Trainee: 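There's a structure below that I have some questions on.
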Amino acid sequence: DIQMTQSPSSLSASVGDRVTITCRASQSISSYLNWYQQKPGKAPKLLIYAASTLQSGVPSRFSGSGSGTDFTLTISSLQPEDFATYYCQQSYSTVFTFGPGTKVDI
Amino acid sequence: QVQLVESGGGVVQPGRSLRLSCVASGFTFSSYGMHWVRQAPGKGLEWVAVIWYDGSKEYFADSVKGRFTISRDNSKNTVYLQMSGLRADDTAVYYCARGEGSSSFEHWGQGTLVTVSS
């Protein structure tokens, strides 16, 4: 199975900061990489699919890049509502896997 | 609008079985693959299983393979997760999610909590 890693596991940031989260796959997954945001007690929210396509309704401060094994999620200017946990997920294999998550807090 | 509603969670003893259901509405259910994803308390997301739109294929995470089965009834707009041989580490909130073309998950249910404990 394809293993996903994320770094950092957590980070502290301030409103207005630029934040970058990295996701790495154990083998090439082309651009089959999705990003989610999850807040406590809520279902995850899809932010980006196919590595770089912004889901409808998601603010443009979120962006994704990468292909192969290395991917990044960038928040250009962190807003108060962005404090949450972020997960990557590969959809290259039919055994889909999530990364362990990155918690973004103040 | 798309709606997914899970049910069937509860407290169950180790080794016993439980069946979760997810009723879908607001879209053509028979056109979409359906997934189960779980989240143990305080932990990350873990993909569990998928069933193809027509029920022709199923795939499972290694952690549940041989113990869980997934099925669907397109006439009832419902996907099921049959869990057997439950263990303490199966304790989690179980979400159903609709698979999109990119195999991402845009639509999720609210989740149902399964607690495996004696």
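Letters A, B, ... mirror the listed sequences (proteins, then strands); counts begin at 1. Everything quoted here is computed from the prediction, not taken from an experiment.
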Trainee: Which region of B/Phe105, side chain (C-beta onward) or backbone (N, CA, C, O), has a non-hydrogen atom less than 4.5 Å from a non-hydrogen atom of chain A, or is it both or neither?
Mentor: both
Trainee: Can you confirm whether A/Phe83 is buried at CZ, in the sense that more than 12 heavy atoms of other residues, nucleotides or ligands lie under 6.0 Å from that atom?
Mentor: yes
Trainee: According to a hydrophobic-cluster definition based on side-chain heavy atoms being under 4.5 Å apart (Ile, Leu, Val, Met, Phe, Trp, Tyr only), do B/Val114 and B/Leu45 belong together?
Mentor: no
Trainee: Using the rule that two of Ile, Leu, Val, Met, Phe, Trp, Tyr join whenever any of their side-chain heavy atoms come within less than 4.5 Å, decide whether B/Trp47 and A/Met4 are in one cluster.
Mentor: no
Trainee: Please indicate whether B/Lys57 has more than 12 foreign heavy atoms, meaning atoms of other residues, nucleotides or ligands, lying under 6.0 Å from its NZ.
Mentor: no
Trainee: Please check if atom OH in B/Tyr59 has more than 12 non-hydrogen atoms from other residues, nucleotides or ligands closer than 6.0 Å.
Mentor: yes
Trainee: Taking 4.5 Å as the heavy-atom cut-off, does anything in residues 25-49 of chain A contact chain B, and if so which residues?
Mentor: A/Asn34, A/Tyr36, A/Gln38, A/Lys42, A/Ala43, A/Pro44, A/Leu46, A/Tyr49
Trainee: Check whether B/Glu106 gets within reach of chain A through its side chain, its backbone, both or neither, counting any heavy atom under 4.5 Å.
Mentor: both
Trainee: Checking B/His107 against chain A: side chain, backbone, both or neither under 4.5 Å from a heavy atom?
Mentor: neither
Trainee: At what distance, to the nearest 0.5 angstrom, does CD of B/Gln39 lie from OH of A/Tyr87?
Mentor: 4.5 Å
Trainee: Most heavy-atom pairs under 4.5 angstrom with chain A, which of B/Ser104, B/Ala49, B/Gly109, B/Gly44?
Mentor: B/Ser104
Trainee: Given the rule that I, L, V, M, F, W and Y join up when any side-chain heavy atoms are under 4.5 Å apart, are B/Tyr80 and B/Phe68 in one cluster?
Mentor: no
Trainee: Mind checking whether A/Phe98 and B/Val93 sit in one hydrophobic cluster, side chains of I, L, V, M, F, W, Y counted as touching below 4.5 Å?
Mentor: yes
Trainee: Does atom CZ of A/Arg24 have more than 12 heavy-atom neighbours from other groups under 6.0 Å away?
Mentor: no
Trainee: Could you pull out all residues at least two apart from B/Ser7 that satisfy side chain to side chain contact (heavy atoms under 4.5 Å, CB included)?
Mentor: B/Ser21
Trainee: Could you tell me which non-hydrogen atom of B/Val50 sits nearest to which non-hydrogen atom of A/Thr94, and how far apart they are?
Mentor: CG1-O, 4.2 Å
Trainee: Check each atom of A/Phe96 against the heavy atoms of chain B and say whether the ones under 4.5 Å are side chain, backbone, both or neither.
Mentor: both
